[in-house]
Amino acid sequence: MTNHWFRRVWPIALWQLKQDRVRIPVWIISFLAVTVTTVTLFESLYPSAEDRMQLAHSVVNPAITALLGPAYGVDNYDVGAILAHQMLLLTAVVVAVMSILIVTRHTREDEEEGRAELISSLPVGRLSNLVSTLLVQLIVYITLSLLVGIALVSINIPTVTVEGSFLYGAALGVTGFFFAAVTAVMAQLSETARGTVGLSFAVLLTFYLIRAIGDVSYDPLSWFSPLGWMLESRVFVENNWWMIVLVFGVAVLIAMFAMYLNAIRDVGAGLLPSKSGKSHASKWLKSPLGFTIRMQRTSILAWSIGMFVFGATYGSVLVETDTYVAEIEIMAQMLGEDLGTGIELIEQFIVMLGVIISIAATIPMILSVYRLSKEEKNNRIEQVVATALSRRKLLGSYVVTALIVSLLVMGSAAFGMALAGTLTLDELAFSTAFNAIIVYLPATWIMIGLAALFVGLGKWKGLTWLYLGYAFIVVYLGGILEFPSWMKSLSPYELVPGLPVEEMNWVALFSLLMIFVALIIMSLQVYAKRDLRG
């Protein structure tokens, strides 16, 4: 009976690994590079005990606790304790995102595109595909845990102990596997890949908020979040391995529940009831733009809410700017020279937050445009362009949708930061925080134009993500690594005036707008002429 349910698990697992032979190594190498670079920077930025104690005093406040988790070992805030407090939670969240995307791809997305049905037609077990996905994730996170531990040990920093290094890696690994199991459950509940991703991200955000509220105001509440359990391991301070075992044990139970749900449902169906639509489509829904927005409305709403929370979270930190920025050397280097005091320092901090938030908000805009490429890949575009609808109008509807997304997500983030900032700071004007984010709209439109151009060409779409990553590195590490001005000028975000510190530069914004228009014109031309690919 067991063989009947799990037949040919390993061949399917090897096939999935082959599919992700580029994607998974890139994720793992990125985590290793960020971890090693960060701990090296911490050692160089805080060489003395006095520097580290100044940092310890600045991080013991509710805003930082909500963002990063409670600070452990502040009485002896060495490099290991700094790394665990400053980076563990944020890195674990990104690892969870990796799990959600990869598991969704091999479960619900495979069912949507018909690959799961092809696999099921072979002599395989009913649960083989799901078990293979979870098995691959387990192998990936064991590998990630070991490599992170080995990388930290190899740096040879006395306070970054061997036990703590491997516990740090294990904390990331079990978090990844936990959300792999959660996503496997969501894949059984939802009947679409978008719904699976949306539900999984909702669970991740809920656990993050529960942990944040618990850490700040009511400690027992943090025990209702696996992120809170993971942080209770107190890496490099107490090294509580049993908390990691707890997270892994619960993850295994959730994975078994996902297998049960997979066994009782039909392939292609979801266990959550689907809402029946109207009998007749409205005039708006019959238009290309209306249909495009309708297909993306769930993700648009989710990203708008998420960016509001993101902006509000950073807005709540503004009240602690004097202690958080003035006493942390890395933050001072990021803000540049000539640091002000009081409201001037807060405004400098707002400028940095504005560009970081705008880069994050660019992600759903690119995804909105790339949705057309996915439709083409799934052979659904031929039926559309066979009608009287032109290709230019089709691509234009996705570009307009991305522009609407830009207004919603940027507006939500700006409103969230401005609202939270003005509630905690009487001297901060609402328009100051709001405009600091909205001013970056033309820079985000450049990314929309690039995404549209690569969709028009039908290739090289990964370059848009690479360019966005470059822009983030320039913003986040440009001051620390002292990048030359020409490298910074290659990023559209660096061409935007940093309000409220800098004067408004309408010429720069108009230039970005003209570049965007040129990119859209080129994308419409090449998309209208090239052959469609399935």
Step by step, would you call D215 with R211 a side-chain contact (heavy atoms from CB on, under 4.5 Å)? CA-CA 6 Å; D215 288 343; R211 178 217 53 82; 2.7 Å; yes
Shortest non-hydrogen contact from [X] to [Y]?
X    : Y    : answer
I437 : A414 : CD1-CA, 3.6 Å
P70  : H85  : O-CD2, 3.4 Å
Y398 : E375 : OH-CG, 3.8 Å
T292 : P288 : OG1-O, 2.7 Å
A443 : V496 : CB-CG2, 3.8 Å
L519 : L450 : CD1-N, 3.9 Å

Hey, are the side chains of [X] and [Y] touching, using non-hydrogen atoms and a 4.5 Å cut-off?
X    : Y    : answer
V153 : V160 : no
V351 : E347 : no
W465 : L468 : yes
E494 : S489 : no
L83  : L152 : yes
V203 : L199 : no
V34  : M87  : yes
F434 : M417 : no

Is it true that a side-chain atom of [X] and a backbone atom of [Y] form a donor plus acceptor pair closer than 3.5 Å?
X    : Y    : answer
S99  : F179 : no
N435 : S431 : yes
S225 : S222 : no
W223 : G228 : no
T104 : L101 : no
S406 : L403 : yes

Do we see a donor-acceptor contact under 3.5 Å between the side chains of [X] and [Y]?
X    : Y    : value
Y493 : T444 : no
T362 : Y440 : no
Q296 : S368 : yes
Y168 : T35  : no

Interatomic distance, [X] atom [atom1] to [Y] atom [atom2] [nearest 0.5 angstrom]:
X    : Y    : atom1 : atom2 : answer
L408 : L301 : CG    : CG    : 9.5 Å
L524 : R392 : CG    : CZ    : 7.0 Å
R234 : E232 : CZ    : CD    : 5.0 Å
T432 : L425 : OG1   : CG    : 11.0 Å
R105 : T196 : CZ    : OG1   : 14.5 Å
S358 : M365 : OG    : CE    : 8.0 Å

Salt-bridged, R52 to E50, with N to O below 4.0 Å?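 Salt bridge: no.
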In terms of heavy-atom contacts, does OH of Y470 have more than 12 from other residues, nucleotides or ligands at under 6.0 Å?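 Counting neighbours around OH of Y470, more than 12 heavy atoms of other residues, nucleotides or ligands fall under 6.0 Å, so yes.
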Set of residues satisfying ring pair (Phe, Tyr, Trp, His ring centres under 6.0 Å) with respect to Y314, sequence neighbours excluded: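 Y314 satisfies ring pair (Phe, Tyr, Trp, His ring centres under 6.0 Å) with F310 only.
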Decide side-chain contact (heavy atoms from CB on, under 4.5 Å) for E43 and T159; before the verdict, give the C-alpha distance in whole Å, the side-chain angles of both, and the deciding distance to 0.1 Å. CA-CA 10 Å; E43 184 187 29; T159 55; over 6 Å; no
Residue pair F201, V97: steps toward the side-chain contact (heavy atoms from CB on, under 4.5 Å) verdict: CA-CA 8 Å; F201 274 115; V97 171; 3.6 Å; yes
Distance to the ring centre below 6.0 angstrom and angle to the axis at most 45 degrees; does that hold for R294 and F291?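 No, a cation-pi geometry is absent between R294 and F291.
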Parallel, tilted or perpendicular, judged at 30° and 60°: which one describes the rings of W445 and F516?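 Plane angle between 30° and 60°, so tilted.
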Among V526, L372, I520, exactly one meets side chain to side chain contact (heavy atoms under 4.5 Å, CB included) together with L395. Which residue is that?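 Output: one option passes, namely L372.
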Given the side-chain rings of F415 and F430, with only the six-membered ring counted for Trp, is the space between their centroids under 6.0 Å?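 Yes; F430 has its ring centre under 6.0 Å from that of F415.
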Assess whether side-chain contact (heavy atoms from CB on, under 4.5 Å) is satisfied between N505 and L495, documenting all intermediate values. CA-CA 9 Å; N505 188 343; L495 303 179; over 6 Å; no
Begin from the C-alpha positions of T464 and Y370 and carry the test side chain to side chain donor-acceptor pair (under 3.5 Å) through to its verdict. CA-CA 10 Å; T464 307; Y370 279 176; 2.7 Å; yes
